[in-house]
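Below is one structure; the comments refer to it alone.
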Amino acid sequence: MQQIFNILLRYKNFLIYISLLFFSIVFLSKKSFFHESFINKISLSLSGSIHSVKNKTINYFDLFEKNQILKTENEKLKIYELIYLNQELESSNTINFPFKTIGAKILKNSFTNNRNYLIIDKGFKDGIYAEMGVISDDGLIGIINQTTENFSSVISILHKDIKLNMKFKKNLSFGSLLWQGESPNKMKLVDIATINPVSIGDTIVTGGMSSYFPEGIPIGTVISFKNTPSGNFYDIDVELFSNLTQKKYVYIIENINSEEIKNLENNE
Amino acid sequence: MNKTIRHILQFILLILIQVFILNNINLFGYLNPYLYVLFLITYSFKNNQSETIFLGFLLGFSLDLLSQSAGAHTIASLTIGFLRPYFAIFSFRLKLSELPENLISKETRILNKISFLFLMLFIHHFILFFIIFLDPNSILLILKNSFFTSVFSIIVIWPILTLLEIKND
């Protein structure tokens with residue numbers, strides 16, 4: 001103990017310097033957006049490489065389970081393929097579908113904070129850039145936030161500041177889905193006008209009004225609803241189909257038309 | 001006691017001059033002398049080194065707050081506050097315990113003095129510009145800026161140092 005104390009005293013100046021330097025860097029990152037994003041980028045690529053090493057070792061232990069998940073997903077895709085081929089036979093004109101997918105693996109997932117982020121193992125080297133949508137085999141994951149060469153961070157849909165455009169499968173009335181930080185499988189649907197009928201068990205799907213996600217991905221079911229105090233809108237509790245706490249693989253959605261849509265929005 | 005008050009006054013005066021006058025010079029569009037480093041140059045070596053580090057930090061921090069810059073001045077002047085004894089040892093060829101209370105006096109040789117001033121100012125400016133630009137690709141621009149600003153700063157600091165020497169005698 002005495003020795004530790006002596007060492008501390010001997011390097012007192014250096015320690016003071018390091019702690020003040022740390023404080024200044026925090027100050028710098030809080031005050032300037034440019035410096036903040038630079039520091040975030042460094043920390044993203046650092047934590048990305050650390051977690052990829054960790055994942056590589058852990059991966060061997062649950063290969064069997066993952067194979068099972070992939071198999072079921074492939075089965076599901078096979079059905080879609082058949083439907084698609086069927087449609088192609090019926091009408092020879094090709095379907096104009098403006099989305100492409102890129103597969104990626106989750107390196108770090110969080111769902112316990114108010115604002116959750118994920119890190120995935122694809123970066124701008126793989127053609128990923130900010131504001132692309134991310135989905136899993138059975139639901140939404142989030143939106144790309146920042147990319148480095150090999151990694152990207154994803155804002156999870158379990159993030160207090162995010163609102164997603166949703167609609168009812170049965171009658172296309174649309175509203176916004178948001179997360180209030182409670183349980184990772186419950187979200188809130190707001191801004192649905194009370195002129196639309198709602199009943200428990202209704203299915204919610206993605207609306208096509210954002211360029212992040214294609215229309216019609218099933219999200220969850222209504223478990224309870226009530227009127228807001230103003231009486232014009234519903235306040236609906238939604239239970240998600242997908243369990244965001246157990247995801248390993250995701251698909252990044254590239255909207256081929258997003259440039260055009262963005263240009264239009266900027267012109268408004 | 002008298003000395004402490006003089007240091008505090010010097011500290012405040014240097015910051016005010018820096019923020020309200022010298023930061024607005026912009027010679028050739030980008031050159032500003034950083035006079036406030038003078039505080040760390042003339043501050044006595046007999047004082048505690050931890051104190052110097054802390055004062056360096058405080059100096060940069062107040063300047064950052066007043067001039068609305070992010071944190072570059074803080075890190076730069078904190079670092080030269082920390083490195084100052086090593087610069088002095090290098091420039092004056094003395095041991096740490098042999099350093100005189102006031103390095104800048106009539107007895108100091110002009111070459112030693114220039115070497116010390118240039119080291120302090122150049123390292124300070126280099127860190128400052130490096131943090132402001134924060135881009136490895138513009139390292140040449142950073143070096144060029146630091147060099148010319150250091151020369152300008154020395155030109156401004158030199159006559160003030162000479163005046164202080166005369167006063168000290």
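Chain A is the first sequence line, chain B the second, and so forth, proteins listed ahead of strands; every chain is numbered from 1.
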Given that the side chain runs from C-beta out, which part of F23(A) has a heavy atom under 4.5 Å from chain B: side chain, backbone, both or neither? side chain

About how many Å separate CD1 of I53(B) and NZ of K12(A), when rounded to the nearest 0.5 Å? 9.0 Å

Nearest heavy-atom pair of A72(B) and L28(A): which atoms, and what distance? N-CD1, 4.1 Å

Taking atom CZ of F147(B) as the centre, report whether more than 12 heavy atoms of other residues, nucleotides or ligands fall under 6.0 Å from it. no

Need one label for T79(B): side chain, backbone, both or neither, based on atoms under 4.5 Å from any heavy atom in chain A. both

F124(A) atom CZ, over 12 foreign heavy atoms within 6.0 Å: yes

Are there more than 12 heavy atoms of other residues, nucleotides or ligands under 6.0 Å from atom NZ of K188(A)? yes

For the OH atom on Y11(A), are there more than 12 heavy atoms of other groups (residues, nucleotides or ligands in this structure) within a distance under 6.0 Å? no

Would you say CZ of F82(B) has more than 12 non-hydrogen atoms from neighbouring residues, nucleotides or ligands within 6.0 angstrom? yes

Less than 6.0 angstrom separating the ring centers of F27(A) and F61(B), yes or no? yes

Heavy-atom nearest pair, I16(A) first then S50(B), reads CD1-CB, 3.5 Å

Taking everything shown except K160(A) itself, do over 12 heavy atoms lie less than 6.0 Å from its NZ? no

L21(A) and L78(B): which non-hydrogen atoms are nearest, and at how many Å? N-CD2, 3.4 Å

Structural part of L83(B) lying under 4.5 Å from a heavy atom of chain A: neither

